[in-house]
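Since this is a predicted model, take the numbers as computed values, not measurements.
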Amino acid sequence: MKALIVTRVSGFVPQFEMNHVRLLQQMGYEVHYAANFDTVVYGKDNSRLEGTGVVCHHIPFCRSPFSPKVISSYRQLRQLIQTGGFDLIHCHMPMTGVVTRLAAQSVRRKSNRCVPVLYTAHGFHFYHGAPFKNWIYYVPERWLARYTDCLITMNEEDFKRACTFPVRGKAEKIPGAGIDLSEECARCIRNGSDGARNGGHMETRQAIRSKLGVSETDYLLISVGELTARKNHKQILNMLGEWSDNTLKYVICGTGPLQEELEACVSEKRLGNRVIFAGYCKNVGEMLDAADCFVFPSLQEGLPMAVMEAMHAGLPIVAKKIRGNVDLIIDGKGGILVQNGDMTEYRDAIRKLRGEKELSIKMGEWNQERIRDFSAEKVVNKMEEIYKNVSST
């Protein structure tokens, strides 16, 4: 048996989908992966796919639906599906979700071979409160549901909307990409009390902070995410620019097209000794463990893995009250969800957590318990059920 996974960029599968790759392989599938291997996100190269047994197919997918490359990528993917002899197709990301389902349906009509097609929506572009322009995606998503044997969503808002679509198969909801809880908790609640950290773990925290130029008396905020407008890191930089406190530091883990713009903002606001650009971090867990509070100003999410990792690390969360975040965090229990996302709200929330250490500890404990509902094991079990169901129809 052969399964084809399709994403626009090549870093997506090794970053988020390797548990599903291994699941398919355990189920007897030879896993193939079609992506634009010239566009690597979540890493610098494609080396993480080496030794995985995944068969790779380069197709020059593009992001813009108006690019002339769309037709070329569609034809190449259609040819791959036509000749590949796949028994299951699973696509991700909006643009490749469109191209893959159209290509698969075209092959289906000509060959009369009914290969199940799954599409995972990691967060519909249209959502409650989304800009009007985002709703142009609603029509194609609703239309393409009729070519989808399983429409997989990750949050309650998207799931409810998907249930109204004319899905050829059915809509399902999974608890995100899944967080690995198998390791013994090297991530402990950041209270510094006896038993909260073992000696080696404390040394790791100190070592990371030392490398970042952050002392133990500093209060360290951390964000994880691409440097894009959607992730909205600039809002926190603006807040820091208005909050004169040299003991309040901010580390941003991630890379992206706005790096130069954000660095210019830091320079303009004279925040060079308070803001650290850590780049793409393979040791995100250690970076989180060195911090005191996770800040997530993102404007749009499906079910954010970054928040899930921060919850596993036992950090209190300050984030905007948006879809995805509300599926993970209950305001006042796991963190503080700000309503409008203005600088004052973030400042007040951070000031509250910094001043109430016991509250931060309780929030971190709540998050570590809550995240068990979003474990990789539960996601894999649900995906195995989905794969088996679509394969048997």
Side-chain angles (χ1 to χ4, degrees), residues 5 12-27 29 31 42 48 52 90 92 118 120-123 150-159 162 171-190 196 201 222 224-225 253 281-289 291 294 296 298 301-317 319 323-331 333-335 337 361-390:
I5 298 175
F12 193 89
V13 161
Q15 184 75 10
F16 299 113
E17 297 294 317
M18 285 311 298
N19 285 337
H20 300 162
V21 168
R22 286 187 284 269
L23 169 62
L24 286 166
Q25 289 171 335
Q26 289 167 10
M27 292 174 68
Y29 287 93
V31 178
Y42 311 109
R48 284 190 292 172
T52 62
H90 191 169
H92 303 258
L118 300 83
T120 296
H122 293 261
C150 189
L151 177 52
I152 303 168
T153 60
M154 294 189 171
N155 60 67
E156 190 63 19
E157 181 182 328
D158 285 353
F159 177 63
E172 293 276 11
K173 185 176 79 167
I174 62 172
I179 187 83
D180 185 4
L181 304 179
S182 61
E183 298 178 5
E184 283 301 316
C185 192
R187 327 262 191 272
C188 297
I189 310 303
R190 49 224 65 255
H201 180 66
I222 186 169
V224 178
C253 300
C281 297
K282 293 182 179 179
N283 62 334
V284 169
E286 291 180 357
M287 296 292 285
L288 290 167
D289 202 49
F294 187 80
F296 198 63
S298 182
E301 291 295 329
L303 195 73
M305 176 60 80
V307 172
M308 294 166 71
E309 290 176 333
M311 292 170 71
H312 181 39
L315 283 170
I317 313 292
R323 173 198 63 175
N325 288 349
V326 298
D327 292 78
L328 294 167
I329 301 295
I330 295 179
D331 189 31
K333 288 194 174 182
L337 297 176
I361 293 170
K362 288 180 180 178
M363 286 180 171
E365 291 173 341
W366 188 90
N367 283 335
Q368 287 187 316
E369 186 62 32
R370 167 70 170 161
I371 201 61
R372 294 180 184 277
D373 292 336
F374 301 86
S375 70
E377 182 182 5
K378 290 191 175 184
V379 176
V380 167
N381 289 341
K382 181 63 178 177
M383 285 306 305
E384 182 176 14
E385 176 188 320
I386 289 171
Y387 285 141
K388 286 180 177 177
N389 286 342
V390 297

Drop me the distance from [X]'s [atom1] to [Y]'s [atom2], to the nearest 0.5 angstrom.
{"X": "I5", "Y": "H92", "atom1": "CD1", "atom2": "NE2", "result": "5.5 Å"}
{"X": "E369", "Y": "M311", "atom1": "CD", "atom2": "CE", "result": "10.5 Å"}
{"X": "I371", "Y": "L181", "atom1": "CD1", "atom2": "CG", "result": "7.0 Å"}
{"X": "T120", "Y": "H20", "atom1": "OG1", "atom2": "NE2", "result": "7.5 Å"}
{"X": "M18", "Y": "T52", "atom1": "CE", "atom2": "OG1", "result": "4.5 Å"}

Got a sec, which residues hit side-chain hydrogen bond (donor to acceptor under 3.5 Å, both in side chains) with [X], two or more places apart in sequence or on another chain?
{"X": "D373", "value": "none"}
{"X": "Y29", "value": "S391"}
{"X": "E156", "value": "K173"}
{"X": "N325", "value": "none"}

What's the shortest heavy-atom distance between [X] and [Y], and which atoms?
{"X": "M305", "Y": "A177", "result": "CE-CB, 3.5 Å"}
{"X": "M287", "Y": "C253", "result": "CE-SG, 3.9 Å"}
{"X": "H312", "Y": "D180", "result": "NE2-O, 3.6 Å"}
{"X": "Q368", "Y": "R372", "result": "O-CG, 3.8 Å"}
{"X": "A310", "Y": "L288", "result": "N-CD1, 3.9 Å"}
{"X": "A291", "Y": "I222", "result": "CB-CG2, 3.5 Å"}

Using side-chain contact (heavy atoms from CB on, under 4.5 Å) as the criterion, list what pairs up with [X], not counting sequence neighbours.
{"X": "V326", "value": "K321, L337"}
{"X": "A376", "value": "N19"}
{"X": "A162", "value": "F124, L151, T153, A171"}

Subject >> ring pair (Phe, Tyr, Trp, His ring centres under 6.0 Å) partners for F296, two or more places apart >> reply: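 Result, ring pair (Phe, Tyr, Trp, His ring centres under 6.0 Å) vs F296: F294.
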
**OP:** Check ring pair (Phe, Tyr, Trp, His ring centres under 6.0 Å) between Y42 and all other residues, then give those that pass, not counting sequence neighbours.
**Re:**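 F16.
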
Subject >> Side-chain (R370) to main-chain (I329) donor-acceptor, under 3.5 angstrom >> reply: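 Side chain of R370 to backbone of I329: no pair is present.
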
Subject >> Short side-chain to backbone donor-acceptor contact, N155 and L303, under 3.5 Å >> reply: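 No: the side chain of N155 does not pair with the backbone of L303.
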
Subject >> Chi angles and distances behind the side chain to side chain contact (heavy atoms under 4.5 Å, CB included) call for M363, I317 >> reply: CA-CA 8 Å; M363 286 180 171; I317 313 292; over 6 Å; no

Subject >> Residues forming a salt bridge (Lys or Arg N to Asp or Glu O under 4.0 Å) with D158, sequence neighbours excluded >> reply: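 Applying salt bridge (Lys or Arg N to Asp or Glu O under 4.0 Å) to D158 gives R323.
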
Subject >> Listed partners of R22 passing salt bridge (Lys or Arg N to Asp or Glu O under 4.0 Å), at least two apart >> reply: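 R22: no salt bridge (Lys or Arg N to Asp or Glu O under 4.0 Å) contacts found.
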
Donor-acceptor pairs under 3.5 angstrom involving side-chain atoms of residues 377-388: please list them, not counting sequence neighbours.
from	atom 1	to	atom 2	distance (Å)
N381	ND2	E377	O	3.3
K382	NZ	E172	OE1	3.1
K382	NZ	E385	OE2	3.4
E384	OE2	K388	NZ	3.2
Y387	OH	H90	ND1	2.9

